[in-house]
Amino acid sequence: MGARFSSFKQAQTKAHNDTFEFDIATVDSPTLRDSDVLVKVHAAALNPVDHVVSRGVLKDLWPEAEKLPFTPGYDFSGKIVRKGRAVKGFHHGQMVCGVQWGTGSKGGRYHADDEEGGPCGGSLAEYIRVPVSSLVKVPKGMSPETAAALSMVCQTAYQGLFDYNSIKSGDKVIIFGGTTAVGQIAIQLAKNMRCNVFATCSTGKIDFVKALGATPIDYTKQSWWEAEKGFDAGFCTTIGDSDAAHLKDDGAFKPGAILSSILTAGPATEEGTPKVVKFVFHQDAKALQQMVDDAAAGKLKIEINKTWKGLTAENLKEMFTEQKTAKSLGKNVLVL
Ligand SMILES: NC(=O)c1ccc[n+]([C@@H]2O[C@H](COP(=O)([O-])OP(=O)(O)OC[C@H]3O[C@@H](n4cnc5c(N)ncnc54)[C@H](OP(=O)(O)O)[C@@H]3O)[C@@H](O)[C@H]2O)c1
């Protein structure tokens, strides 16, 4: 039960392409399943997967990515306005955040195994229907922009270090792509574990990486495999071809090291030194709640690259175009 209204506005893409022409459509208020809530969206953050799905690149991997019209946006924050009958532990008016990634998210690389046909999206809208299992409570004082921005990248970074890797205190760790949104969080999580962290970045972002507590390796001027050796573990969020060609160089990683990676092309695992383990993040609201609370306590932060205000076709086109550059320092966020 909760607020009653019959329609709302949502962004829709009607064709898979990279022109990022969205319609702002008026749609009927959705029916909730027992374990769903309806959230009035205050902020939605983009991830690279948004422009990838909009371009139709993933349409063979999960059914929801093939459907048209499609409403993009996975990360959301906002206020609960309606609850399904089985929803417990959350109340009307509560500020929540999370990722609308479907109900299953059982792990595995592509998640086409859940009852909704895989990641659903839909946060670029005035309202979004989400399963309660994806919800996290936004601590008092945290902005909607920050809450939305943390949602996917925190879960991804956490899993890259601790679920698909086994990073422990004192490890010498390399993060490829230390300034990606995921990489920023990964550096901080590893530093909070008292690891010795190195991170690749370009020249202009060296100070940013230092401020996060990592030793920067400028990928435009240095060869990471010569700058440092003997890593206990690595996490790859992005990497150029010439850097990737040296991952298995003698001495770069210690025997038994794992390189977890969110770049998922090719086989899921590759044996050797390091052993490469590729993954797609899965829903883990418990871990996300801890990280959101840590962010509120000042132990974790996410850079916001740019915010746009208002659900308009012009704003969406700009946001998606910016996201696709892969040069943003931090998250691109829409405030509704
Ligand atoms: N598998 C999963 O579950 C999962 C989840 C989330 C994201 N992802 C993927 O992970 C990647 C990162 O996502 P994101 O949202 O964190 O990215 P992002 O924030 O959009 O990344 C932008 C940053 O990447 C840096 N960068 C670009 N090329 C680089 C290179 N060769 N070496 C080091 N840094 C480089 C840029 O810095 P410079 O300007 O200095 O180059 C920029 O700061 C994307 O490919 C995304 O699709 C996968």
Side-chain angles (χ1 to χ4, degrees), residues 45-55 57-58 61-62 65 72 74-75 99 101-102 105 107-111 118-119 121 148-161 163-165 174-189 198-209 212 214 216-224 227 234-247 260-266 268 276-284 288 302-306 319-333:
L46 283 195
N47 290 283
V49 68
D50 284 298
H51 75 74
V52 173
V53 168
S54 290
R55 286 157 49 218
V57 178
L58 297 181
L61 290 177
W62 65 68
Y74 297 99
D75 285 339
V99 187
W101 201 249
S105 296
R109 296 180 67 205
Y110 299 122
H111 305 289
L150 288 167
S151 294
M152 187 187 289
V153 296
C154 277
Q155 296 185 74
T156 308
Y158 180 91
Q159 290 163 25
L161 298 187
D163 289 354
Y164 296 93
N165 212 321
I174 183 161
I175 312 287
F176 293 101
T179 65
T180 66
V182 177
Q184 297 173 27
I185 299 290
I187 289 176
Q188 295 170 78
L189 292 176
F198 296 79
T200 62
C201 65
S202 63
T203 314
K205 291 171 178 167
I206 282 177
D207 288 343
F208 181 85
V209 165
L212 293 178
I217 300 176
D218 181 346
Y219 74 83
T220 70
K221 295 190 174 141
Q222 291 175 281
S223 303
W224 71 268
F235 178 35
C236 183
T237 74
T238 191
I239 193 166
D241 289 345
S242 52
D243 280 354
H246 294 274
L247 287 173
S260 44
S261 176
I262 50 176
L263 306 179
T264 53
V276 180
V277 178
K278 300 174 193 169
F279 72 97
V280 173
F281 98 101
H282 56 270
Q283 202 80 261
D284 185 351
L288 179 58
I302 184 71
E303 188 75 11
I304 306 277
N305 180 56
K306 193 169 171 192
M319 283 181 81
F320 274 72
T321 304
E322 168 65 31
Q323 188 68 51
K324 189 167 174 270
T325 64
K327 292 291 172 193
S328 303
L329 182 58
K331 302 296 294 179
N332 295 306
V333 183

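Both ligands and their constituent atoms are indexed starting at 1 by order of listing. Note that the coordinates shown come from a computational prediction; the quantities given were computed from them, not determined experimentally. Along the sequence shown, residues are numbered consecutively beginning with 1.
- Side-chain N/O atoms of Glu322 and Asn305 include a donor and acceptor closer than 3.5 Å.
- Ring geometry for Phe279 against Tyr164 counts as parallel: the plane angle stays under 30°, on a 0 to 90° scale with 60° as the upper cut.
- Distance from atom 12 (C) of ligand 1 to its nearest protein heavy atom, with residue and atom name: Thr237 O, 3.5 Å.
- Polar contact with ligand 1: present for Ala181 (N/O pair, distance under 3.5 Å).
- For ligand 1 and Gln323, the ligand atoms under 4.0 Å from any heavy atom of the residue are 20 (O).
- From Ile185, atom CD1 reaches atom SG of Cys154 across 4.0 Å, with rounding to the nearest 0.5 Å.
- Rounding to the nearest 0.5 angstrom, the gap separating the CD1 atom in Ile239 from the OG1 atom in Thr180 is 12.0 Å.
- Residue contact check: Ser328 has heavy atoms under 4.0 Å from atoms 22 (C), 23 (C), 42 (C), 43 (O) of ligand 1.
- The contact set between ligand 1 and Leu263, taken as ligand atoms under 4.0 Å from a residue heavy atom, comprises 45 (O).
- The aromatic ring centroids of Trp101 and Tyr74 lie less than 6.0 Å from each other.
- Ligand 1 has no nitrogen or oxygen under 3.5 angstrom from a nitrogen or oxygen of Thr156.
- Of all protein heavy atoms, the one closest to atom 43 (O) of ligand 1 is Thr179 OG1, 2.8 Å.
- Taking atom 17 (O) of ligand 1 as the reference point, the nearest protein heavy-atom neighbour is Thr180 CB, 3.7 Å.
- Listed by number with element, the atoms of ligand 1 under 4.0 angstrom from any heavy atom of Val280 are 1 (N), 2 (C), 3 (O).
- Interatomic distance, Lys278 NZ to Ile262 CD1, rounded to the nearest 0.5 Å: 13.0 Å.
- Among Ser202, Cys236, Pro48, Ala45, the residue whose heavy atom sits closest to atom 46 (C) of ligand 1 is Pro48.
- Of the protein's heavy atoms, Thr238 CG2, 3.3 Å lies nearest to atom 35 (C) of ligand 1.
- Closest heavy-atom approach to atom 38 (P) of ligand 1 among the candidates Gln184, Glu322, Lys205: Lys205.
- Here the CG-CG distance, from Asn332 to Asn47, works out to 9.5 Å after rounding to the nearest 0.5 Å.
- Side-chain atoms of Gln155 come within 3.5 Å of backbone N or O of Asp284 as a donor-acceptor pair.
- Of the protein's non-hydrogen atoms, Tyr219 OH, 2.4 Å is the one closest to atom 41 (O) of ligand 1.
- A distance-only check finds no donor-acceptor pair linking the side chain of Gln323 to the backbone of Asp50 [under 3.5 Å].
- Of the protein's heavy atoms, Ala326 O, 3.6 Å lies nearest to atom 27 (C) of ligand 1.
- Put simply, SG on Cys201 and CD1 on Ile217 are 9.0 Å apart, with the number rounded to the nearest 0.5 Å.
- Closest to atom 31 (N) of ligand 1 among all protein heavy atoms lies Gly240 N, 3.4 Å.
- With rounding to the nearest 0.5 Å, the separation of CG in Asn165 from CZ in Phe235 is 9.0 Å.
- Checking Val52, Ile185, Ile206, Ile262 against atom 7 (C) of ligand 1, the nearest heavy atom belongs to Ile262.
- In terms of protein heavy atoms, atom 3 (O) of ligand 1 is closest to Phe281 N, 2.7 Å.
- Ligand 1 places these atoms under 4.0 Å from at least one heavy atom of Thr200: 33 (C).
- Close N/O approach between Val49 and ligand 1 is not found [any backbone or side-chain N/O within under 3.5 Å].
- Residue-ligand proximity: Phe176 is placed with every non-hydrogen atom at 4.0 Å or more from ligand 1.
- Using a distance-only test at 3.5 Å, with no hydrogens or angles considered, a donor-acceptor pair links the side chain of Thr200 to the main chain of Gly177.
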